[in-house]
Amino acid sequence: MAAAAAAADASAEAAAIARRLASCNGSARERAVRHLLSTFLPASAPHLSASDLLKLWKGLFFCFWHSDKPLYQSSLATRLAAGVSSGPSPAAAAAFFAAYLATLLREWVHIDTHRLDKFYLLNRRFLHHAFLLLAANSFAADLTSQVVSILSEKVLLPEADNVAAGSPRGLGYHVAEVFLDELSPVLPVSLQTMEVLLSPFFAVLEKSSDRVMVAKVKSSVFERFLESGKQLLEMAKKGEGVEKGSADEKIGKVGLLFGFSKRFSDIGAKAETVQANRKVLFGLRDAFVKVEKGLELSGVEIAVPEFKSTEVTGVENGMDLDEVKVEKKKKKKAKKASLVEGETEGAKDSKQEKKVKKEKKEKKKKKKVEVVDEGDVTEQSTDAPAEEDQQMGDGTEAVTFDETLMSNLQKQFEKAAAEAGMVNGGSSSSASPASGKAAKKRKRAKSADRLSVSDGDDVSSEGTIISQDGEKSGKKVRFSMKNNLVWKPHNPLPPQCLRLPPSATPRGSALKKGVLPGPIKETPTPVKKTKPKAKSAKKVLKKPSSAAKRLRKLQNFSA
């Protein structure tokens, strides 16, 4: 009697909470979610029936439907999915998961495109927490088979009644796509456990007549095992190690050691297998046979995966799950503290390095060569670094060649060349050791000197400038014939009335008045010949014949 009364009270309270969960007021919905997850479910989960859970999930569905903003949607999805992994008992958690899938499958048709992504997110979170539930219970055979059967019956292979009623398949497609993504964090598991987890997908290849579902299972589940296995085998042959603990390593080991080829050949040989799926099964079998033979011939040894969990070891040592979780949180906090300390130490080291670099730059500025006059260069200070002394090869002070020093050296060479009577632009430029920016500036100055020619000077045929005194200078002039060309037509110009394309019209000096056009032939415009109009048949018939005229005259006389 007490149990029946508790069940009735729990059912009534579940209905009231469901109404508050579907409220239009956001604060009311949030209070209902907190009450449901923190107090009601932990206390009343054993007394709730399947219909009560469906009522609760009706309200939770509309609560998530009304949720806006990505951050709140993500946090709400995580909190709702945590009801599976942190349930009061594994049986209550499995029932909560089954009610979620049944509700989402029923309401999937009514989800519009604007809200579809957040329900995809909710589905991912629930799958992840379902696997966390299995990992917390060390993948117990009974619980694993129960969760897998829920996935198979509700989503992947719905019952015949649901199929006849036109149940949506989109949820099953999404589960097939994200199954391995959400399973990889709890891997590795034993091969026997993997056999149980993959059993609904083998059943899809055997019994399902939905081609889209078969294609999704092939591409998102089994081909991923195949590709990861190939990649792991190639890396092992080359002697390169795959990142330990990565998803590719975990999935690749299963792809190489599970024995998929034998399993696919057995399913394909069954009489109950759908005939259209045999081609897919035998194609997967051939692909896995190649990989497994490659593993045998390579001689590479790969360890068989086994399930290892810190929570499971803690439970075996006599600790509760809550205590294990508290220890995990402490370890995470310690890791965060160590990371913060490392970041502060790194920041200090970077500050010290910046200070040292600034001091070095200041020292280099002080040790630069000081130039007093145009040609006088002072020697470097005695504080030259030891590195430069080693580069020079002896104990003498090194001289750094910068722009000011090179320009002064160039001026000294020019003075020496002028005293020796050399021509500008001759050997001085070739004898100067200057290079870099100063040499470029000098070349520009020379080109400017060459282009600037005075009006009083004449130019010889060789290109040298002849001054008024009759002496030839070393300057040379470059002639550009671009502006001196005159266009001479080889053919007579077309008439002005003729429209020519822009590329054919003469340009530049061709339009000068001095150029006379050639003879222009004017072709007479053809005269259209008008055809004589044919006389209509009606007009021809209207004219009376001579016999008709005579008859008319006789009739007139007789009258």
Side-chain angles (χ1 to χ4, degrees), residues 61 97-113 115-117 119-128 130-131 144-183 194-227 251 254-255 258 260-288:
F61 175 81
F97 183 58
Y100 155 73
L101 287 177
T103 303
L104 201 61
L105 186 66
R106 184 184 67 241
E107 303 292 339
W108 191 262
V109 183
H110 307 295
I111 300 174
D112 54 72
T113 55
R115 293 179 174 86
L116 191 59
D117 289 338
F119 281 99
Y120 280 153
L121 174 66
L122 182 67
N123 197 34
R124 276 180 174 270
R125 296 291 165 85
F126 264 88
L127 278 176
H128 177 67
F131 294 135
T144 305
S145 60
Q146 185 180 1
V147 172
V148 168
S149 63
I150 289 170
L151 278 174
S152 178
E153 293 171 3
K154 300 288 183 183
V155 177
L156 296 173
L157 281 172
E159 297 176 358
D161 298 336
N162 295 332
V163 173
S167 63
R169 298 295 185 90
L171 183 59
Y173 301 158
H174 186 252
V175 169
E177 284 179 354
V178 303
F179 184 83
L180 288 183
D181 292 336
E182 304 305 325
L183 179 64
M194 186 59 69
E195 171 76 22
V196 178
L197 291 172
L198 295 178
S199 59
F201 299 106
F202 289 121
V204 167
L205 294 181
E206 180 184 352
K207 302 175 183 178
S208 178
S209 58
D210 187 1
R211 293 185 179 180
V212 179
M213 177 63 79
V214 171
K216 291 282 184 184
V217 169
K218 176 189 174 186
S219 61
S220 301
V221 180
F222 296 116
E223 283 187 354
R224 190 167 174 187
F225 280 117
L226 180 64
E227 295 299 326
I251 296 171
V254 177
F258 186 83
F260 282 104
S261 59
K262 185 177 182 303
R263 186 63 191 273
F264 287 134
S265 61
D266 293 343
I267 296 171
K270 287 183 179 180
E272 299 84 9
T273 304
V274 178
Q275 183 64 29
N277 298 344
R278 295 184 193 275
K279 185 177 180 181
V280 176
L281 287 165
F282 292 134
L284 288 170
R285 181 202 61 184
D286 296 340
F288 276 101

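No hydrogens, no waters, no symmetry mates; every other heavy atom, side chains included, goes into these values.
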Would you call [X] and [Y] a salt bridge, taking side-chain N to carboxylate O under 4.0 Å as the test?
X    : Y    : answer
E182 : R124 : yes
K270 : D266 : no
D210 : K216 : no

Mind checking the [atom1]-[atom2] spacing from [X] to [Y]? Nearest 0.5 Å is all I need.
X    : Y    : atom1 : atom2 : result
I267 : N277 : CD1   : CG    : 10.5 Å
L104 : H174 : CG    : NE2   : 10.0 Å
R106 : L171 : CZ    : CG    : 12.5 Å
M194 : T144 : CE    : OG1   : 11.0 Å
T113 : R115 : OG1   : CZ    : 9.5 Å
S265 : R285 : OG    : CZ    : 6.5 Å

- Query: Of all heavy-atom pairs between V274 and S208, which one has the smallest distance, and what is that distance?
  - Reply: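 In this case the closest contact between V274 and S208 is CG2-O, 3.9 Å.
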- Message: For P168 versus V109, what's the shortest heavy-atom pair and its separation?
- Response: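 Nearest pair, atom of P168 first, then V109: CG-CG2, 3.8 Å.
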- Applying side chain to side chain contact (heavy atoms under 4.5 Å, CB included), run through L205 and F264 and close with a yes or a no. CA-CA 9 Å; L205 294 181; F264 287 134; 3.8 Å; yes
Min side-chain heavy-atom separation [X]-[Y] under 4.5 Å:
X    : Y    : result
Y173 : V155 : no
R224 : D181 : yes
F97  : I150 : yes
L151 : L127 : yes
V280 : L284 : yes
R278 : T273 : yes
L180 : S220 : no
P200 : L157 : no

Centroid-centroid distance, [X] to [Y], less than 6.0 Å:
X    : Y    : answer
F222 : F202 : yes
Y100 : F61  : no
F225 : F201 : no
F179 : F131 : yes

- Task: Sequence neighbours left out, what passes side-chain hydrogen bond (donor to acceptor under 3.5 Å, both in side chains) with E227? Give chain and number order.
- Result: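 By the side-chain hydrogen bond (donor to acceptor under 3.5 Å, both in side chains) rule, E227 matches no residue at all.
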- Task: State whether the side chain of S152 and the backbone N or O of S149 hold a donor-acceptor pair below 3.5 Å, judged by distance alone.
- Result: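 Side chain of S152 to backbone of S149: no pair is present.
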- For F288 and R263, what are the C-alpha separation, side-chain angles and deciding distance, and is it a side chain to side chain contact (heavy atoms under 4.5 Å, CB included)? CA-CA 10 Å; F288 276 101; R263 186 63 191 273; over 6 Å; no
